[in-house]
Amino acid sequence: MEVQVPDKQKRLRRLRCSVQNYDWGRLGSESTVARLFSMNSGAEVQSDKPYAEFWMGTHESGPSFLIEEGKSRTLKSWISENPNVLGDEVVEKWGPDLPFLFKVLSVAKALSIQAHPDKELARALHKLQPHVYKDANHKPEMALAITEFQALCGFVSLEELKIVLKDVPEIVEVVGSADANQVLDVSEEDGKEKVKSVLQSIFTRLMSANKEMVSKVITKLKIRLQMESQVRQLTDKEQLVMRLEKQYPGDVGVISAFFFNYVKLNPGEALYLGANEPHAYLYGECIECMATSDNVVRAGLTPKHRDVQTLCSMLTYKQGFPEILQGVPLNPYTRRYLPPFDEFEVDCCSLPKGASAMFPAVEGPSIFVVTVGEGTAHVGACEEQVGEGDVLFAPADTEISFGTSSQLNLYRAGVNSRLF
């Protein structure tokens with residue numbers, strides 16, 4: 001039997017959201033995360049503190065709170081008592097909880113080289129090390145650039161890797177010529193499994209190398225590139241490696257960057273990452289959406305816990321440049337980004353002076369965040385003012401329109417519409 005959302009629940013609810021001050025975040029007022037968090041919560045921004053992530057959702061590591069009649073309660077507890085706000089199909093598939101976690105990121109320096117486990121591995125890791133792997137869910141994700149946004153993502157093609165091994169002798173010094181020659185000798189005609197096994201072997205050898213050896217080789221690499229920069233322009237990847245070395249001296253992640261695609265997103269472009277795909281966000285600001293999880297397996301560019309063997313054994317070792325999403329226009333002001341995951345999609349809406357846009361009723365919940373400007377939100381006969389830093393929860397089956405007399409930029413996260 002289909003359960004309808006009562007009309008009295010078909011209204012927007014304002015959320016007070018959480019911030020994460022990880023050390024890779026942008027400092028103080030340079031950070032969009034800091035600005036949004038301050039506008040959202042009334043908290044003062046500290047100029048010497050990094051503001052890395054603004055979390056909107058129900059994950060216990062950064063919960064959102066409903067503000068109603070001066071009282072505060074978690075969005076998670078309110079949803080569990082009112083599961084009909086999620087819509088029938090969402091409750092049937094994921095239970096009485098929000099299936100996605102919505103974020104804004106402000107990145108000043110590289111995040112760790114990492115991957116997120118699939119469901120089966122997440123369950124096993126959570127059972128073995130619940131203090132490190134906090135939940136049993138997978139974490140497919142998507143990053144949508146607000147500014148130019150840089151990331152390492154997935155392995156370069158076999159052809160490019162062969163060039164890397166010829167051009168970067170320091171890698172061969174770490175892994176040994178046997179592993180290097182295996183890569184140089186293998187070809188696509190040998191079949192995917194053979195290529196995967198050769199790539200896994202050399203990457204595992206590199207990531208597992210002892211620290212002293214890695215540190216010594218990175219120093220050699222740095223000196224060589226400094227000398228070569230006197231006589232030629234360093235490649236983008238070489239310049240990146242020099243930048244990473246300043247941020248994480250002697251870290252194996254510096255040299256492993258040569259194995260990954262260096263992706264530069266323009267504002268309005270998005271990148272999605274499935275389970276078991278290696279990546280590292282490097283610089284810039286983005287909207288991020290993912291399944292509700294905080295599971296991360298790390299192996300480089302980090303002072304945090306590393307689990308090199310798990311990372312190297314879990315990766316898919318797919319090669320080639322990732323797909324970049326440009327978004328599909330829904331109306332003159334709104335684009336939709338649809339990754340190949342059921343849990344979420346993201347809309348980006350940019351309204352100029354005097355414009356309005358309507359978000360039709362959908363069969364799942366939505367969260368909206370206003371990142372720039374101010375305007376009005378209409379649900380039925382109700383109208384309310386919205387502005388920068390406002391975060392709004394919209395129940396399933398709620399039609400909403402936004403308008404502005406100046407400018408209004410907002411993002412919406414919802415369950416992937418392909419599900420309905």
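Starting from 1, each residue takes its place in the sequence as its number. Computed from heavy atoms alone, side chains included, the values below leave out hydrogens, waters and symmetry copies.
- There is no side-chain donor-acceptor pair under 3.5 Å between Ser157 and Gln319.
- Defined by atom type and a distance below 3.5 Å, a donor-acceptor pair is missing between the side-chain atoms of Asn416 and Asp342.
- Atom CD of Glu120 has 12 or fewer neighbouring heavy atoms from other residues, nucleotides or ligands inside a 6.0 Å radius.
- Both the sub-6.0 Å distance and the 45° axial angle are not jointly satisfied by Arg13 relative to the ring of Phe393.
- Looking at His116 and Gln114, their side chains come closer than 4.5 Å, going by heavy atoms from C-beta outward.
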With salt bridge (charged side-chain N to carboxylate O under 4.0 Å, His left out) as the test, would you mind laying out the steps for Lys76 and Asp97 before giving the verdict? CA-CA 7 Å; Lys76 188 181 179 82; Asp97 194 9; 3.0 Å; yes
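- Here the side chains of Leu282 and Val107 are not in contact, with every heavy-atom distance at 4.5 Å or above.
- A donor atom on one side chain and an acceptor atom on the other are not found under 3.5 Å apart for Glu141 and Tyr272.
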When you look at Asp390 and Arg14, which way does the salt bridge (charged side-chain N to carboxylate O under 4.0 Å, His left out) test go after all the steps? CA-CA 7 Å; Asp390 281 344; Arg14 289 179 183 261; 2.9 Å; yes
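- For residues 77-86, the pairs satisfying salt bridge (charged side-chain N to carboxylate O under 4.0 Å, His left out) are Arg73-Glu81, with sequence neighbours left out.
- Looking at Ser61 and Gln20, their side chains never bring a donor and an acceptor atom within 3.5 Å of each other.
- Applying the ring-ring contact (aromatic ring centres under 6.0 Å, His included) definition to pairs two or more places apart or across chains, those involving residues 137-189 are Phe149-Tyr281, Phe155-Phe203, Phe155-Phe260, Phe155-Tyr317.
- Across all non-hydrogen atoms, the minimal contact from Asp179 to Ile202 is OD1-N, 3.8 Å.
- No hydrogens or angles considered: nothing links the side chains of Asp347 and Thr334 as a donor-acceptor pair under 3.5 Å.
- For the side chain to side chain contact (heavy atoms under 4.5 Å, CB included) test with Arg306, the passing option among Leu301, Leu311, Val297, Val252 is Val252; the others fail.
- Applying the ring-ring contact (aromatic ring centres under 6.0 Å, His included) rule to pairs touching residues 32-55 yields Trp55-His59, sequence neighbours excluded.
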Just do the salt bridge (charged side-chain N to carboxylate O under 4.0 Å, His left out) check on Glu345 and Arg336 with the steps written out, would you? CA-CA 7 Å; Glu345 64 187 18; Arg336 173 161 293 168; 3.4 Å; yes
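- For Arg26 and Tyr283, the positive end sits near the middle of the six-membered ring, less than 6.0 Å away and at most 45° from its axis.
- Of the charged side-chain nitrogens involved, none lies within less than 4.0 Å of a carboxylate oxygen, so that Glu170 and Lys220 do not count as a salt-bridged pair.
- Looking at residues two or more places apart in sequence or on another chain, you find a ring-ring contact (aromatic ring centres under 6.0 Å, His included) between Phe368 and Phe359, Phe402.
- Formation of a donor-acceptor pair under 3.5 Å by the Ser201 side chain with backbone atoms of Val198 is not found in this model.
- Using a 4.5 Å cut-off on side-chain heavy atoms (C-beta onward), Ile255 and Leu206 make contact.
- Here the straight-line distance linking atom CH2 of Trp24 with atom OG of Ser106 works out to 8.0 Å at 0.5 Å rounding.
- Residues Met290 and Met142 form no side-chain contact, since every pair of their non-hydrogen atoms from C-beta on lies 4.5 Å or further apart.
- Atom NZ of Lys194 is surrounded by 12 or fewer heavy atoms from other residues, nucleotides or ligands within 6.0 Å.
- In this structure, Lys139 is not positioned above the aromatic face of Phe341 in the sense of NZ or CZ being under 6.0 Å from the six-membered ring centre and within 45° of the axis.
- Between the side chains of Thr371 and Asn409, no donor N or O sits under 3.5 Å from an acceptor N or O.
- A donor-acceptor pair shorter than 3.5 Å cannot be found between the side chains of Gln230 and Glu228.
- In this structure, a donor-acceptor pair under 3.5 Å is absent between the side chains of Glu374 and Gln385.
- Between Pro267 and Ile146 there is no side-chain heavy-atom pair separated by less than 4.5 Å.
- Ser313 places a side-chain N or O within 3.5 Å of a backbone atom of Gln309 that can act as its donor or acceptor partner.
- Contact annotation: the side chain of Ile400 approaches that of Thr398 to within less than 4.5 Å [non-hydrogen atoms, C-beta and beyond].
- Under the 3.5 Å distance criterion, with hydrogens and angles disregarded, a donor-acceptor pair is assigned to the side chains of Arg412 and Ser366.
- Looking only at side-chain heavy atoms (C-beta outward), Ile324 and Leu265 come within less than 4.5 Å of each other.
- Using modelled atom types, one finds a donor on one side chain and an acceptor on the other under 3.5 Å when comparing Ser77 with Thr74.
- Under the ring-ring contact (aromatic ring centres under 6.0 Å, His included) criterion, no residue pair touches residues 173-196, with sequence neighbours excluded.
- For Thr302, there are no side chain to side chain donor-acceptor pair (under 3.5 Å) partners two or more places apart in sequence or in a different chain.
- Between Glu148 and Lys264 there is no salt bridge, since none of the side-chain N atoms of the basic residue sits less than 4.0 Å from a carboxylate O of the acidic one.
- Side-chain polar atoms of Arg243 and Gln150 form a donor-acceptor pair below 3.5 angstrom.
- The shortest distance between side-chain heavy atoms of Asn84 and Asn82 falls below 4.5 Å.
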